[in-house]
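I have placed the structure first, in the form of structure tokens, so that the comments after it can refer back to it.
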2 protein chains.
Amino acid sequence: MPDPTALPKYVQTAEMLIREIAAGRLQVGERLPPERAMAAELGLAVGTLRKALADLEARGLLERRQGSGNYIRSGAEDAGIYAFFRLELVGGGGLPQADVLGVERLVKPGDLPRFGASRMGHRIRRLRRLSGVPAALEEIWLDGSYAPVVRDADLSESLYLSYRKRFGLWITRAEDRVGLAPVPDWAGNPFPLAAGAMAGYVERLSRDGAGQTAEYSRTWFDHERVRYVARLK
Amino acid sequence: MPDPTALPKYVQTAEMLIREIAAGRLQVGERLPPERAMAAELGLAVGTLRKALADLEARGLLERRQGSGNYIRSGAEDAGIYAFFRLELVGGGGLPQADVLGVERLVKPGDLPRFGASRMGHRIRRLRRLSGVPAALEEIWLDGSYAPVVRDADLSESLYLSYRKRFGLWITRAEDRVGLAPVPDWAGNPFPLAAGAMAGYVERLSRDGAGQTAEYSRTWFDHERVRYVARLK
DNA sequence: AGGAATTTGTGCGTATGTATC
DNA sequence: AGATACATACGCACAAATTCC
């Protein structure tokens, strides 16, 4: 009897594979078993497994070569667990980390776009690092309706994982707009660009599983060291 | 008997739908027929049609709602034919256009990353507009092996369409890196930012159907008016 | 309010084509 | 040339979300 609260098998499978890669049980460059063998092993239909593999490919973790096999891409060890994180060092890669600078529940300011159902929002400010290097400042507004309070301790490195585990919120889609904007003036952090200096800028509007806008975030990144990466098609 | 040179049906179907939208035969906001009815109409299996629809969704042309239907998204009239174009006006949308500033066949300079098989490359410089507004400067290096010469007349508004029709080159994947960089000094064009000023910057490495790197391009965009857009998952 | 009908999502299994080894 | 492996395509059954009556 199927569990109605369970995720689709292809999502479960993709996440399982990501964990295997992150844990090092699947090594970079390694070829996966043939799809049919793997599907049989996992008790899945081939098509279901293929959907999971396509997901990993879109996230840049896997390279699929017809007639040859499926190969773990370099950089995959670090990247996978941070599903939607799209910043990397100019030289490539970097392990994403985050320091929480502050969390507050506030009335949403008027300059934010409309998102979520509540008048209130949780404002989370973080310093993002890549392999320890200060890479970006991040201000996240989570709609107030998903949790009465958000504490520092609720926020693990992977924010979307926290949302899921603590608040039952599933971020499934997001739209990013990338441009330039001046660095905000938040005192007391080691971000290398001065307040007011031009930096790379990402605005994101995220939606939950039901398609409702749930979160709005702004990220300022150090363009000397960091790039925003998108893989198309 | 199937034609081995033909594209997959799901690609043909996706392109057909894009043309229908661009031509206005499918209106923005309109709901498509149910998938099963549509598949029967087109002589396709439902799964094949669904793959085409998933493609349109990923490009931002279609919104799919379980239990409800498939709806043409606003902005889709313009966007679809320019498959990989990811710049839009800050206010949203804008019809992409291009003025060719120059085309030359040159030895690839040393500061470009390695791509393609040839020592030579075609350097194409264009001014991109959105609904007439000068939006970006673009320098494209197409590997020399795909064509002996490239003439101005070979380049229609949609470059990837030209590649396909003139040179038999299919761009199927690309990787974008977005950051900031100073505007290059190309005399005599109406790009609003001065040479040396900081602008949005997109580096792209594109691959052909066989997975070979085929093209490298750099785009400087006016961050006051333009954003780079990515839709995730 | 609530149940039936409609519509998309997930999952399975299979057959055949095409690229690679 | 043959074997292997991924890609495309088909068709079906049932689940979940939405809409309609």
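A note on names: the letters A, B, ... follow the listed sequences, proteins ahead of strands, and every chain is numbered from 1. No experiment lies behind these values; they were computed from the predicted model shown.
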(request) Could you please name the option among dC14(D), dA17(D), dC6(D) that lies closest to any side-chain atom of Glu35(A)? (result) dC6(D)

(message) Students often get this wrong, so: under 4.0 angstrom with heavy atoms, is Gly47(A) touching a base, only sugar-phosphate, or nothing?
(response) nothing

(request) Identify, between Leu44(A) and Tyr71(A), the residue whose nearest nucleotide on DNA chain C lies closer to the 5' end. (result) Leu44(A)

(message) Between Leu49(B) and Arg31(B), which residue's closest nucleotide on DNA chain D lies nearer the 5′ terminus?
(response) Leu49(B)

(request) Fit a plane to each ring of Tyr228(A) and Tyr228(B), take the angle between them on a 0 to 90° scale, and name the class: parallel (under 30°), tilted (30 to 60°) or perpendicular (over 60°). (result) perpendicular

(request) Take atom CG of Leu7(B) and atom P of dG17(C), then tell me their distance rounded to the nearest Å. (result) 18 Å

(message) Without decimals, in angstroms, what is the distance between Leu62(B) CG and dT8(C) P?
(response) 10 Å

(message) Measuring from the side chain of Arg36(A) (C-beta onward, heavy atoms only), which nucleotide among dT10(C), dT7(C), dC6(D) has the closest atom?
(response) dC6(D)

(request) Send over the distance from Lys51(B) NZ to dC6(D) C1', rounded to a whole Å. (result) 11 Å

(request) Could you please name the option among dG11(C), dG9(C), dT18(D) that lies closest to any side-chain atom of Ser68(B)? (result) dT18(D)

(message) What is the separation between atom CD on Glu57(B) and atom P on dT8(C), rounded to the nearest whole Å?
(response) 12 Å

(message) Does dA5(D) have its OP1 or OP2 closer than 4.0 Å to a side-chain nitrogen or oxygen of Asn70(A)?
(response) no

(message) Could you tell me how far apart Arg50(A) (CZ) and dG17(C) (P) are, to the nearest whole angstrom?
(response) 17 Å

(message) Would Arg128(A) and Phe221(A) count as a cation-pi pair here, with the cationic atom under 6.0 angstrom from the ring centre and within 45° of the axis?
(response) no

(message) For residues 107-121 of chain B, which residue pairs pass the side-chain hydrogen bond (donor to acceptor under 3.5 Å, both in side chains) check, not counting sequence neighbours?
(response) Lys108(B)-Asp143(B)

(message) If you only use heavy atoms from C-beta on, which nucleotide in dA7(D), dA9(D), dC12(C) is closest to the side chain of Thr48(B)?
(response) dA9(D)

(message) Given dC12(C), dT8(C), dG17(C), identify the nucleotide with an atom nearest to the side chain of Gln66(A).
(response) dG17(C)

(message) When you compare the side chain of Leu61(B) with that of Ile72(B), does any pair of heavy atoms fall below 4.5 Å?
(response) no

(request) Starting from P on dG13(C), measure out to CG on Leu42(A) and report it in whole angstrom. (result) 13 Å

(request) Tell me which nucleotide among dT8(C), dC10(D), dT10(C) gets nearest to the side chain of Pro8(A). (result) dT10(C)

(message) Over all strands shown, is Arg65(B) touching base, sugar-phosphate only, or nothing at heavy-atom distances under 4.0 angstrom?
(response) sugar-phosphate

(message) Heavy atoms from C-beta onward define the side chain here; which of dA19(C), dG11(C), dT8(D) lies closest to that of Tyr10(A)?
(response) dG11(C)

(message) Please report the distance, rounded to the nearest Å, between NZ in Lys9(B) and C1' in dG11(D).
(response) 13 Å

Return all side-chain donor-acceptor pairs below 3.5 angstrom for residues 20-28 of chain B, not counting sequence neighbours, or 'none' if the list is empty.
| unit_1 | atom_1 | unit_2 | atom_2 | d |
| --- | --- | --- | --- | --- |
| Glu20(B) | OE1 | Arg25(B) | NE | 3.0 |
| Glu20(B) | OE2 | Arg25(B) | NE | 3.2 |
| Glu20(B) | OE2 | Arg25(B) | NH2 | 3.0 |
| Gln27(B) | NE2 | Gly24(B) | O | 2.8 |

(message) What is the distance, to the nearest angstrom, from the CD atom on Glu41(A) to the P atom on dA5(D)?
(response) 15 Å

